[in-house]
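Proteins come first, then strands; the chains are lettered A, B, ... in the order of their sequence lines, and each starts at number 1.
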Amino acid sequence: MNELAPDERRTRLEELAPELVAELEAEAAAESEERTLSDLPNVEAYEQVRMRLAPNPNGPWHLGHARMPAVIGTYKERYDGWMLCRFDDTDPETKRPDLDAYDAILDAVEYLGFEADEVLRASDRLETYYDHARELIELGGAYTCDLPAAEFSELKNAGEPSPNREKPPEETMAEFEAMVDGEYGAGEMVLRVKTDIEHKNPALRDWVAFRMVDTPHPREEASEYRCWPLLDFQSAIDDQLTGITQIVRGIDLQDSAKRQRFLYDYFDWVYPEVMHWGKVQVDAYDVKMSTSRIAELIEAGELDGWDDPRAPTIASVRRRGIRGEALTEAMIELGTSTSDVDLAMSTLYAKNRELVDDEADRYFLVRDGVERTIIGGPETATPPRHPNHEEQGTREIPVGPGVLIEGEDLPGHGERVWLKGLGCVRHTRDAFEFTGEDIEVVREGEVDVVHWVPTEENVPVTLRTPEGDVEGLAEPGFVDADVDEVVQFERIGYARVDEHGEDGSVAYFAHP
RNA sequence: GCUCGCUUGGUGUAGCCCGGCCAAUCAUAUCGGCCUUUCGAGCCGAUGACGGGGGUUCAAAUCCCCCAGCGAGCACCA
């Protein structure tokens with residue numbers, strides 16, 4: 001049996017035990033669907049899988065952010081769970097929220113194919129955080145500290161406590177209320193969680209839970225608050241209150257869980273399961289994938305906006321006609337390993353091509369065209385809309401007195417070229433002379449097939465690509481391609497029709 | 001400096017927890033072939049990886065130790 005080829009072995013097995021084959025196939029199918037992401041830890045322990053997206057709305061999303069909804073949303077579907085989108089907008093200053101980003105992010109989540117069951121903004125929940133801080137103070141788990149940051153850092157690194165550490169809870173409580181009332185300025189007072197000042201990992205020692213911020217929050221509803229929680233406190237409280245069971249977050253937050261466990265111990269709560277993943281980087285972009293960097297370039301006018309095709313953002317690939325589903329799939333395939341990963345754009349493109357190809361009508365677009373008079377031949381060309389789908393019909397291109405083809409495609413004098421959908425021509429005396437030859441000449445490899453447009457009635461097109469804008473001329477019928485539709489410019493690649501204007505059309509290049 | 005983590009082909013990933021079925025999965029990429037009036041799609045094929053060194057074991061990608069490389073935290077950012 002082992003000497004047989006796999007195919008033969010299978011055939012034999014089918015004869016001998018058909019039920020076994022079916023079983024193997026079912027297993028394989030289940031694996032290909034499910035095994036792209038590893039199982040969530042300890043799912044059995046909870047009634048329902050409850051997860052959260054916790055974006056900082058300090059700007060619209062770049063491509064790396066897609067991983068969060070892609071993975072968490074996929075888990076939600078797999079386990080029939082629940083998903084929260086919680087905006088962790090507790091820093092009105094350094095990572096100041098961008099008021100447009102809240103909706104842009106929810107929109108991006110939807111584009112990726114998911115929807116949050118609930119949406120919360122941390123900046124709406126300050127009173128809740130204050131209440132828990134008060135409770136923590138009563139439990140003796142926190143103290144107010146007026147040491148300058150640098151001074152505390154020095155003590156902490158030496159494993160020495162702040163002189164404020166043993167302050168009575170009443171005093172801490174009074175000072176914390178003064179913080180809440182805005183009686184201190186930035187840097188004058190913080191509330192620290194009492195952990196273990198001699199903990200071998202210095203990152204965990206007596207971390208800050210609340211600090212003063214002078215800058216008002218951009219959301220009007222939150223603009224009066226001056227005493228703001230830091231991520232570790234806010235997120236810990238919210239995860240507990242919203243019943244989060246599994247957390248997936250970046251490796252930069254790998255110590256967060258360890259810090260937050262001190263809090264959970266004070267409150268006698270059970271910490272959720274945690275997974276960490278590394279950074280995602282994307283090849284093929286000149287622009288660094290960073291919210292603040294992209295914002296700067298837009299501000300400076302070097303990018304047209306978040307959806308500029310040169311920007312590594314979700315809005316950009318969306319405008320280029322890449323489906324959210326393709327991005328989600330690509331992100332899922334990256335898995336959740338803790339090492340940094342590179343997303344090859346070619347993988348994303350391959351996924352998208354698979355999704356859009358069947359419906360992408362074909363058009364000719366000539367960049368850098370050279371004009372030639374045409375001698376003889378039919379008056380109209382009728383290439384198919386889609387070579388694999390005859391039922392989608394053909395398109396009509398009037399030939400007229402001459403055609404344009406790309407400079408690179410121009411054959412030498414006396415040489416022939418096949419104008420796709422039209423026929424074979426010979427390049428003679430700066431004209432194309434129709435030869436009437438059969439397609440056989442192409443099949444035998446003698447003649448190359450090229451795309452072309454008529455010199456008259458063509459449509460000027462600006463093709464916006466990640467490498468910059470390219471001007472070209474499309475066949476007349478291109479004006480009928482619907483805006484938002486993804487088409488294929490033959491021999492160039494897929495593009496999304498963006499607009500048809502008076503002076504021409506605009507398309508965004510997706511990928512080859 | 002202290003602490004934590006990671007390292008499978010060009011890229012990503014599976015396998016590692018519970019050692020043997022792993023001469024290592026799948027995808028993408030590249031190259032080649034078939035088909036084709038596309039440099040697209042489809043089909044077929046090829047290329048290509050367990051960071052290094054020790055150890056345990058009949059047997060190690062998988063367990064242990066050391067080294068190297070990479071990343072992260074030690075912020076009154078998230």
Side-chain angles (χ1 to χ4, degrees), chain A residues 28 31-32 35-38 54-58 88-91 93-97 122 145 147-150 152-153 156-157 159 184 186-192 199-205 207-213 227-228 230-232 234-235 249-256 258-259 276 278-280 283 291 329-351 353-354 356-358 360 362 364 381 383-384 386-389 418-424 439 441-443 447-451 488-494 511-512:
Chain A
E31 280 193 14
S32 67
R35 287 305 152 101
T36 38
L37 278 183
S38 55
N56 177 348
N58 64 333
D88 284 352
D89 56 350
T90 56
D91 179 6
E93 204 168 84
T94 323
K95 290 202 170 160
R96 189 172 173 78
C145 182
L147 237 45
F152 176 82
S153 174
K156 177 210 66 182
N157 286 334
Y184 302 101
E188 290 176 1
M189 187 68 82
V190 297
L191 183 75
R192 289 188 183 281
H199 197 285
K200 66 173 183 168
N201 184 347
L204 310 188
R205 297 171 187 168
W207 48 273
V208 174
F210 287 84
R211 85 306 205 177
M212 304 303 299
V213 182
C227 174
W228 286 91
L230 280 106
L231 175 83
D232 283 324
Q234 172 265 122
S235 164
R249 61 181 158 210
I251 194 151
D252 49 329
L253 264 30
Q254 63 188 338
D255 286 336
S256 255
K258 293 172 188 164
R259 276 194 282 261
H276 294 103
K279 255 205 313 272
V280 183
D283 67 349
T291 305
E329 277 180 29
M331 284 296 169
I332 298 263
E333 277 188 13
L334 292 183
T336 52
S337 89
T338 47
S339 34
D340 290 355
V341 294
D342 275 330
L343 170 66
M345 288 301 281
S346 60
T347 303
L348 174 60
Y349 296 158
K351 303 256 170 244
R353 192 150 46 221
E354 216 168 284
V356 300
D357 180 65
D358 276 343
R362 270 52 176 171
F364 292 151
H386 194 296
N388 301 122
H389 300 286
W418 187 284
L419 299 178
K420 196 169 170 168
L422 185 63
C424 190
I439 190 64
V441 296
V442 170
R443 292 220 174 94
V447 176
D448 290 334
V449 175
V450 304
H451 59 286
Q488 189 200 94
F489 289 124
E490 296 204 47
R491 301 182 68 230
I492 295 171
Y494 298 85
H511 46 75

**Item:** A/Arg353 side-chain N/O to B/A29 phosphate OP1/OP2 under 4.0 Å
**Value:** yes
**Asked** Taking both distances under 3.5 Å as the test for a Watson-Crick or G-U pair, what stems of at least three pairs does RNA chain B have?
**Response** B:1-7 with B:68-74, B:10-12 with B:26-28, B:29-34 with B:42-47, B:51-55 with B:63-67
**Asked** Counting side-chain heavy atoms from C-beta on, which of B/C76, B/A75, B/A41 comes nearest to A/Arg211?
**Response** B/C76
**Request:** With RNA chain B as reference, determine whether A/Ile492 or A/Ala330 sits nearer its 5' end, using the nearest nucleotide of each.
**Result:** A/Ala330
**Item:** Pairwise C1' distance, B/G1 and B/A24 [rounded to whole Å]
**Value:** 41 Å
**Residue A/Asn388, side-chain heavy atoms: nucleotide from B/C76, B/U37, B/A41 that is nearest** = B/A41
**Message:** Taking any heavy-atom pair under 4.0 Å as a contact, classify A/Tyr494: base, sugar-phosphate, or nothing.
**Reply:** sugar-phosphate
**Asked** Between A/Phe210 and A/Arg192, is there a cation-pi geometry (under 6.0 Å to ring centre, at most 45° from the normal)?
**Response** no
**Item:** Separation of the P atoms in B/G12 and B/G71, to the nearest angstrom
**Value:** 14 Å
**Asked** Taking only side-chain nitrogens and oxygens of A/Thr90, does any of them come within less than 4.0 Å of OP1 or OP2 of B/A78?
**Response** yes
**Asked** Among B/A78, B/A27, B/U11, which nucleotide sits nearest the side chain of A/Leu230?
**Response** B/A78
**Item:** Sugar-phosphate only, base, or nothing, as touched by A/Asn56 at under 4.0 Å among non-hydrogen atoms
**Value:** sugar-phosphate
**Item:** Side-chain N or O of A/Ser337 closer than 4.0 Å to phosphate OP1/OP2 of B/U13
**Value:** yes
**Message:** Run the side chain to side chain donor-acceptor pair (under 3.5 Å) test on A/Thr291 and A/Asn58 for me, step by step, so that the C-alpha distance in whole Å, both residues' side-chain angles and the decisive distance to 0.1 Å come before the verdict.
**Reply:** CA-CA 8 Å; A/Thr291 305; A/Asn58 64 333; 4.6 Å; no
**Item:** Over all atoms of both residues, closest heavy-atom pair of A/Met345 and A/Asp283
**Value:** N-OD1, 2.9 Å
**Distance below 4.0 Å between A/Lys200 side-chain N/O and B/C4 OP1 or OP2** = yes
**Request:** Using a cut-off of strictly less than 4.0 Å, decide whether A/Ser153 has a side-chain nitrogen or oxygen near OP1 or OP2 of B/A75.
**Result:** yes
**Request:** Look at the side chain of A/Gln488 and the base of B/U38, then say whether one donor and one acceptor between them are separated by less than 3.5 Å.
**Result:** yes
Collect all protein-nucleotide pairs involving nucleotides 68-72 of chain B in which both atoms are nitrogen or oxygen and the distance is under 3.5 Å.
unit_1 : atom_1 : unit_2   : atom_2 : d
B/G71  : N2     : A/Gln254 : NE2    : 3.4
B/A72  : OP1    : A/Lys279 : NZ     : 3.2
B/A72  : O2'    : A/Ile251 : O      : 3.2
B/A72  : O2'    : A/Gln254 : NE2    : 3.2
B/A72  : N3     : A/Gln254 : NE2    : 3.2

**Message:** Between A/Arg362 (side chain only) and A/Ala360 (backbone N and O only), is there a donor and an acceptor less than 3.5 Å apart?
**Reply:** yes
**Request:** Under 4.0 Å between any heavy atoms, over every strand shown, what does A/Pro55 touch: base, sugar-phosphate, or nothing? Just pick one.
**Result:** nothing
**Request:** Taking atom P in both B/C77 and B/C70, compute the distance separating them and give it to the nearest angstrom.
**Result:** 30 Å
**Asked** Among B/G12, B/A29, B/C77, which is the nearest nucleotide to the side chain of A/Leu334?
**Response** B/G12
**Request:** Hey, which sits more toward the 5' end of RNA chain B by its nearest nucleotide, A/Asn157 or A/Gln234?
**Result:** A/Asn157
**Item:** base_contact_polar (B/U36 base, A/Arg443 side chain, donor-acceptor, <3.5 Å)
**Value:** no
**Item:** Nearest-neighbour nucleotide for the A/Val190 side chain, B/C76, B/A29, B/C74 considered
**Value:** B/C76
**Asked** Which part of the nucleic acid does A/Pro512 contact within heavy-atom distance under 4.0 Å: base, sugar-phosphate only, or nothing?
**Response** nothing
**Prompt:** Quick one: side chain to side chain donor-acceptor pair (under 3.5 Å) partners of A/Lys420, sequence neighbours excluded?
**Reply:** A/Glu490
**Prompt:** Taking the P atom of each, how far is B/A27 from B/A41, in whole Å?
**Reply:** 15 Å
**Message:** If I pick the C1' atom on B/C50 and the same atom on B/G19, what distance separates them, to the nearest angstrom?
**Reply:** 15 Å
